[in-house]
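Before any comments, here is the structure.
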Amino acid sequence: MGRPTTGDFRKTDGWLDWYAGPSKPRFVLPTGSVDAHCHVFGPGAEFPYAPERKYTPCDAGKAQLFALRDHLGFARNVIVQATCHGADNRALVDASRASAGRARGVATVRRSVTDTELQQLHDAGVRGVRFNFVKRLVDFTPKDELLEIAQRIDAFGWHVVVYFEAVDLPELWDFFTALPTTVVIDHMGRPDVSKPLDGPEFTLLRRFLREHPHVWSKVSCPERLSNGGPPALHGEQAAYRDVLPFARAIVQEFPDRVLWGTDWPHPNLKGHMPDDGLLVDFIPHIAPTAELQKKLLVDNPMRLYWPEEL
Ligand code: 0GY
């Protein structure tokens, strides 16, 4: 896959580059599996990073993403606009167009977006917008603006992906339930996995999912949520063990509303950069049966991103 570069931009201090030369997973992905959460970064020389960004990543372009897809055994990608590109979706659109129909996208748009621009994004494969509430990543956007965007994109049949920290769910609850579209929660709403599974925060997330059938969750990012170290071996039971019960609980209770993604190239990771092959080997620990694996990796993402093929 080659080594990451920085282009003309100076990477954020301490930025970890993605893992070059990932291993081959032991877990054989079901045919037609979708990596439903990944990003492209630039390359900055071609698709400059946004002036309002909170970090400058290493370049991580479409060719490297598609090489990883093939190496791991995925058939398709859902490319999620990363905050370092702001509302400039050109890198995402370029990657999606180059994928020959094997990628769809989740964009970031502002209130000023026109219907023509939304149609162009749709034609390029965009099927959702992302609202980000993680304060270290974005500036505040008023909720009435976001609601207006949600109403506009609902007309295109898109959904809203939301990224927030677990402690903020109570404050965001009413806003999320007012959204007219399907709502997809990134990374299980970032639970603090040092707290008990049946503690108030995660119980609230489960209640939120239980009471709102239009809400889905990604069960991705064990490497981001874990307080333990990386797995040393393929299929090692202990890998990210503290995250396991959280992800498994969501998959088991809401098997038709869960998605999984690598999160490549893993923005803002501290401590270690995961080998994506080992990350794939985490999947059977959270979705232990072939039926659950097929829902998580094929049926659910196809329903959301390629419904015309079902
Ligand atoms: C993720 C997580 C992060 C970053 C972004 O768009 C982004 O910048 O999503 C993070 O820093 O937690 O989903 O990739």
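Both ligands and their constituent atoms are indexed starting at 1 by order of listing.
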Mutual orientation of the aromatic rings belonging to Trp158 and Phe156 [parallel < 30°, tilted 30-60°, perpendicular > 60°]:
tilted
How are the rings of Trp264 and Trp18 set to each other: parallel, tilted or perpendicular (split at 30° and 60°)?
tilted
I'd like to check which ligand 1 atoms, numbered from 1 as shown, lie under 4.0 Å from a non-hydrogen atom of [X].
X      : answer
His39  : 1 (C), 9 (O), 13 (O), 14 (O)
His37  : 1 (C), 13 (O), 14 (O)
Arg130 : 1 (C), 5 (C), 6 (O), 7 (C), 9 (O), 13 (O)
Ala82  : 6 (O)
Tyr163 : 2 (C), 3 (C), 10 (C), 12 (O)
His187 : 1 (C), 13 (O)
Arg190 : 12 (O)

Within the 6.0 Å centroid threshold, strictly below: [X] and [Y]:
X      : Y      : result
Tyr163 : His37  : no
Trp173 : His212 : yes
Phe164 : Phe176 : yes
Tyr240 : Phe246 : no

Is ligand 1 less than 4.0 angstrom away from at least one heavy atom of [X]?
X      : answer
Lys54  : no
Leu137 : yes
His266 : no

Distance-only N or O hit between ligand 1 and Arg136, under 3.5 Å:
yes
Is there a polar contact, in the sense of an N or O pair closer than 3.5 Å, between Asp263 and ligand 1?
yes
Compute whether any side-chain donor of one residue and acceptor of the other, for [X] and [Y], lie under 3.5 angstrom apart.
X      : Y      : value
Tyr305 : His159 : yes
Asp263 : His39  : yes
Asp13  : Tyr55  : no

Of the side chain and backbone of Asn268, name the one, both, or neither that has a heavy atom under 4.0 Å from an atom of ligand 1.
side chain
